[in-house]
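Just so it is clear: chains get the letters A, B, ... in the order the sequence lines come, proteins before strands, and each one is counted from 1. Keep in mind it's a predicted model, so treat the numbers as computed, not measured.
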There are 2 protein chains.
Amino acid sequence: MPAPEKITNDPNAPVDPRVETLVNELIGRVADKWTLLVLEELEDHRTCRFTELSRRVPGISQKMLTQTLRQMERDGLVVRTVHPVVPPKVEYCLTDLGHSLGEAFCGVWVWAEANLEKVARARMAFDARG
Amino acid sequence: MPAPEKITNDPNAPVDPRVETLVNELIGRVADKWTLLVLEELEDHRTCRFTELSRRVPGISQKMLTQTLRQMERDGLVVRTVHPVVPPKVEYCLTDLGHSLGEAFCGVWVWAEANLEKVARARMAFDARG
DNA sequence: TCCTTATGCTCTCCAAAGGAAAGTAGGCAC
DNA sequence: GTGCCTACTTTCCTTTGGAGAGCATAAGGA
């Protein structure tokens, strides 16, 4: 074997480009506006129904909610439980994997809350410069 | 004053809905695929030229790179330095704010690297179920 | 002189993504 | 029957995004 990329803890270690591609794809998939907002709702209310989510996630359309939830289900982030009753009742709940992603994004929420003001000021300054 | 939302350290404290709206908007702005990828490149190579970025960020079009960089500049995440030479030379560099956002996203990159396999398996299982 | 090259955009055209609103299924209350 | 409830699905139309060509400028070569 010609030393095929060892797994190390060195953050500066070169990464297998194939892995980097996959990671980029996954980031692109998961760091989506709607995915993030749905993820946050499900973090707050461990389990949620469809209509509840569509009310809680500001501005999402039913189409995008369905699509986002399907993708999240496919990626193993949520479980979809159908209760065979009428009218239909479908519950969505985070998996452990989904919860871990929520925790990973926690830093971004904190950042956003902490830096709202700075961004607002930067925008005003930028817009003033024309 | 009718007690208008105190700033607390309690993570379960109710948040001013206006702040929540602003945070959601900022998240939507910042948690964009291209913004993330550009941010990562700039984290790795503290300062980068336009063409360099377009080569390094896989799959980005010039239009989106320009647009993404403008938005990031407006939000105070990068500084754009134009060197008045021919051919033109423009350098982009993270601000402290941009760097702090990069660190906030660090957890997501780590998560993606750590859970590539799990997501891949979840997808296969989902697709197999039809 | 004219042509090429290099860079950072900008513009145009077309395809894909996404929002709004209406439609669907199917049992239940009226 | 009529209408309601929920979780979608479908249709239509607007917006976003990608591909590729164009532009401005000056140095350097034929």
### Task
Determine, stepwise, if the pair A/Thr47 / A/Thr81 fulfils side-chain contact (heavy atoms from CB on, under 4.5 Å).
CA-CA 10 Å; A/Thr47 165; A/Thr81 312; over 6 Å; no
Give the intermediate values and the outcome of side-chain contact (heavy atoms from CB on, under 4.5 Å) for residues A/Asn24 and B/Val57. CA-CA 10 Å; A/Asn24 282 354; B/Val57 177; over 6 Å; no
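In plain terms, the two heavy atoms of A/Asp16 and A/Arg18 that are nearest each other are OD2-NH2, 2.6 Å. For B/Leu42 against B/Cys48, the heavy-atom pair with the smallest separation is CD2-CB, 3.6 Å.
If you measure from atom CD of B/Gln62 to atom P of D/dT16, you get 21 Å, rounded to the nearest angstrom. The interatomic distance linking B/Ile60 (CD1) with D/dG18 (C1') rounds to 11 Å, in whole Å. The interatomic distance linking A/His83 (NE2) with C/dG27 (P) rounds to 19 Å, in whole Å. When the P atom of C/dG19 is taken as reference, atom NZ of A/Lys63 falls 8 Å away, rounded to whole Å. The CG-C1' distance, from B/Leu69 to C/dG8, rounds to 11 Å in whole Å. Rounded to whole Å, the distance from NZ on A/Lys89 to C1' on C/dG26 is 18 Å. For the pair B/Met64 CE and C/dA16 C1', the computed distance is 13 Å after rounding to whole Å. Whole-Å rounding puts the B/Leu65 CG to D/dG17 C1' distance at 14 Å.
When the nucleotides D/dT6, C/dT7, D/dG18 are ranked by their closest atom to the side chain of B/Thr51, C/dT7 comes out on top. Of all nucleotides listed (D/dT6, C/dC9, C/dT7), C/dC9 comes nearest to the side chain of B/Tyr92.
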Short heteroatom pairs, N/O only, protein and nucleotides 28-30 of chain C, under 3.5 Å:
none

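The shortest distance between the side-chain N/O atoms of B/Arg80 and the OP1/OP2 oxygens of C/dC9 is below 4.0 Å. The phosphate of D/dT16 (OP1 or OP2) has no side-chain N or O of B/Trp34 nearer than 4.0 angstrom. Phosphate contact (OP1/OP2 of D/dT6, side-chain N/O of A/Arg49, threshold under 4.0 Å): absent.
Contact of the A/Val38 side chain with the A/Tyr92 side chain is not registered, since no non-hydrogen atoms from C-beta on lie closer than 4.5 Å. Residues A/Trp34 and A/Leu65 fail the side-chain proximity criterion, which asks for heavy atoms closer than 4.5 Å. In this structure, the side chains of A/Arg74 and B/Asp127 come closer than 4.5 Å at one or more pairs of heavy atoms.
Within 4.0 Å (heavy atoms only), B/Thr66 reaches at least one base atom of the nucleic acid.
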